Amino acid sequence: MLLRLPTTVSEARECLAEGAVPIGGATLLWAEWQRDGFPALAMSLRGVPEANVLGRGTLGAAVVLHRIDDRVPDVLRLAAASVGTGAVRRTATVGGNLVGSTLRCLLPAALVLEARASVLGPDGVRETELSEVTAKRPLLLGLRWREPVASAYRKLPADPGGRPPLTVSVALHADTSGRRLRVAVRDGYEVIDGDAPYGDAPGTALRTLRGTGLRALPEAAWDAVDEQVEAVLRAADDG
């Protein structure tokens, strides 16, 4: 296998045209390649500046998870910190988690941040929805979002080797139309989300959320949602 290390978006685009398979830390692909055979050509974005940004409102696809710190909202930072072990987080990348993983631990956090994805294709760089990233798996360059008022994340305990742990991501946004709560839950391998306007009554927002795509959640999951919504609202009031 030949590994290409482009240093510009143009070079990365040329690698794609040559059929290079994108890899990050290869933590997920390595076992698959050992079983099915290695590709002739692979490509890493670790030398492309646009894929390595880390700051307010932006996160590159080549950033390894252990680098994600308080420059990003709490919901995204805590989600990244909950992935695997320290050794995994030192090699696993944002792009690998969102595009290559079946668990997609960062996806609920990205959804509540209303993140948009920057992807590279044959026609160059474009911006798209996260739904396209998870469905079509294009080459992800990075994420961009508008900073929330406050956010929170929780991963519930789970039995080793059993069903993936349930996670809850919550963010409170504010714009000219008012304040809105966004909630995303990973239940097993499925990620579901919903949003509700938030005025001065948390109970009203929670009742509205129960009528969204989140309605089928078990009551234990709703207990966790309620707790994280309350945490976000407290953080917003303190701020």
Side-chain angles (χ1 to χ4, degrees), residues 59 72-80 82-83 94-95 97-117 119 127-138 140 143-158 162-236:
L59 180 63
V72 306
D74 286 346
V75 64
L76 189 54
R77 175 181 60 83
L78 295 171
S82 75
V83 176
V94 171
N97 185 271
L98 284 171
V99 181
S101 169
T102 55
L103 289 175
R104 293 172 177 149
C105 303
L106 302 185
L107 179 58
L111 284 171
V112 299
L113 292 176
E114 301 179 341
R116 299 275 295 174
V119 300
E127 192 174 89
T128 188
E129 302 283 347
L130 290 172
S131 57
E132 180 181 343
V133 172
T134 57
K136 298 182 178 180
R137 299 191 172 190
L140 180 66
L143 302 174
R144 292 187 180 277
W145 61 86
R146 187 168 51 85
E147 291 293 311
V149 176
S151 63
Y153 171 87
R154 183 183 176 192
K155 175 188 279 188
L156 274 64
R163 184 179 175 84
L166 186 139
T167 71
V168 177
S169 297
V170 180
L172 177 66
H173 295 272
D175 55 29
T176 55
S177 61
R179 297 200 292 178
R180 290 174 300 109
L181 276 168
R182 285 193 58 86
V183 176
V185 175
R186 189 190 68 193
D187 185 15
Y189 292 96
E190 182 181 10
V191 175
I192 51 179
D193 64 316
D195 67 272
Y198 173 68
D200 297 320
T204 300
L206 285 168
R207 284 192 295 274
T208 302
L209 285 168
R210 285 179 178 262
T212 68
L214 300 164
R215 66 176 66 87
L217 287 176
E219 201 57 37
W222 276 109
D223 290 343
V225 169
D226 292 351
E227 290 174 4
Q228 295 311 295
V229 166
E230 290 175 3
V232 162
L233 298 180
R234 284 197 303 270

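This is a predicted model, so every value here is computed, not measured.
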**Study point:** Ser151 versus Val232, closest heavy-atom pair with distance
**Key:** C-CG2, 3.6 Å
Practice item. Verify salt bridge (charged side-chain N to carboxylate O under 4.0 Å, His left out) between Arg234 and Glu227, making sure each step is shown before the conclusion. Key: CA-CA 11 Å; Arg234 284 197 303 270; Glu227 290 174 4; over 6 Å; no
Check your understanding: Would Glu129 and Lys136 pass as an ion pair if we require N to O under 4.0 Å?
Key -> no
Check your understanding: Hey, does Asp193 have a side-chain heavy atom less than 4.5 Å from the side chain of Val112?
Key -> no
Check your understanding: In terms of heavy-atom contacts, does CZ of Arg144 have more than 12 from other residues, nucleotides or ligands at under 6.0 Å?
Key -> no
Review point. How far apart are the closest heavy atoms of Leu209 and Thr212, and which atoms are they?
Key: O-OG1, 2.7 Å
Revision key, fill the gap. Heavy atoms of Ala117 and Leu140 approach each other most closely as CB-CD1, 3.7 Å
Practice item. Can you measure from CZ (Arg116) to CZ (Arg146) and round to the nearest 0.5 angstrom? Key: 13.5 Å
Check your understanding: Do Arg104 and Arg186 come close enough that some side-chain heavy atom pair is under 4.5 Å?
Key -> no
Review point. So, for Ala152 and Val75, which heavy atoms are closest and what is the spacing to 0.1 Å?
Key: O-CG2, 3.3 Å
Point to revise | Check: Tyr198 and Val229 side chains under 4.5 Å, non-hydrogen atoms | key: no
Review point. Out of curiosity, Leu106 CG to Leu143 CG, how far, rounded to the nearest 0.5 Å?
Key: 8.5 Å
**Study point:** Straight-line distance of Arg77 CZ to Leu59 CG, nearest 0.5 Å
**Key:** 13.5 Å
Check your understanding: Does the side chain of Thr204 come under 3.5 Å of the side chain of Arg207 through a donor N or O and an acceptor N or O?
Key -> yes
Check your understanding: Do Arg154 side-chain atoms and Val225 backbone N/O form a donor-acceptor pair below 3.5 Å?
Key -> no
Practice item. Check whether any side-chain heavy atom of Leu107 sits under 4.5 Å from a side-chain heavy atom of Leu98, and report yes or no. Key: yes
Check your understanding: Quick one: OG on Ser169 to NZ on Lys155, what's the gap to the nearest 0.5 Å?
Key -> 11.0 Å
**Study point:** Where Pro108 and Ala184 come nearest, the two heavy atoms and their spacing
**Key:** O-CB, 3.5 Å
Exercise for review: Check whether any side-chain N or O of Arg182 sits under 3.5 Å from a backbone N or O of Leu111 as a donor-acceptor pair, and report yes or no.
Suggested key: yes
Exercise for review: Kindly determine whether Tyr153 and Asp74 satisfy side chain to side chain contact (heavy atoms under 4.5 Å, CB included), including the steps that lead there.
Suggested key: CA-CA 7 Å; Tyr153 171 87; Asp74 286 346; over 6 Å; no
Revision key, fill the gap. Shortest non-hydrogen pair, Leu214 vs Trp222, comes out as O-CZ2, 3.4 Å
Check your understanding: Are Leu103 and Val83 side-chain neighbours, meaning at least one heavy-atom pair lies under 4.5 Å?
Key -> no
Point to revise | Close side-chain approach of Asp175 and Arg180, heavy atoms under 4.5 Å | key: yes
Check your understanding: If you round to the nearest 0.5 Å, how far is CG of Asp187 from CZ of Arg163?
Key -> 4.5 Å
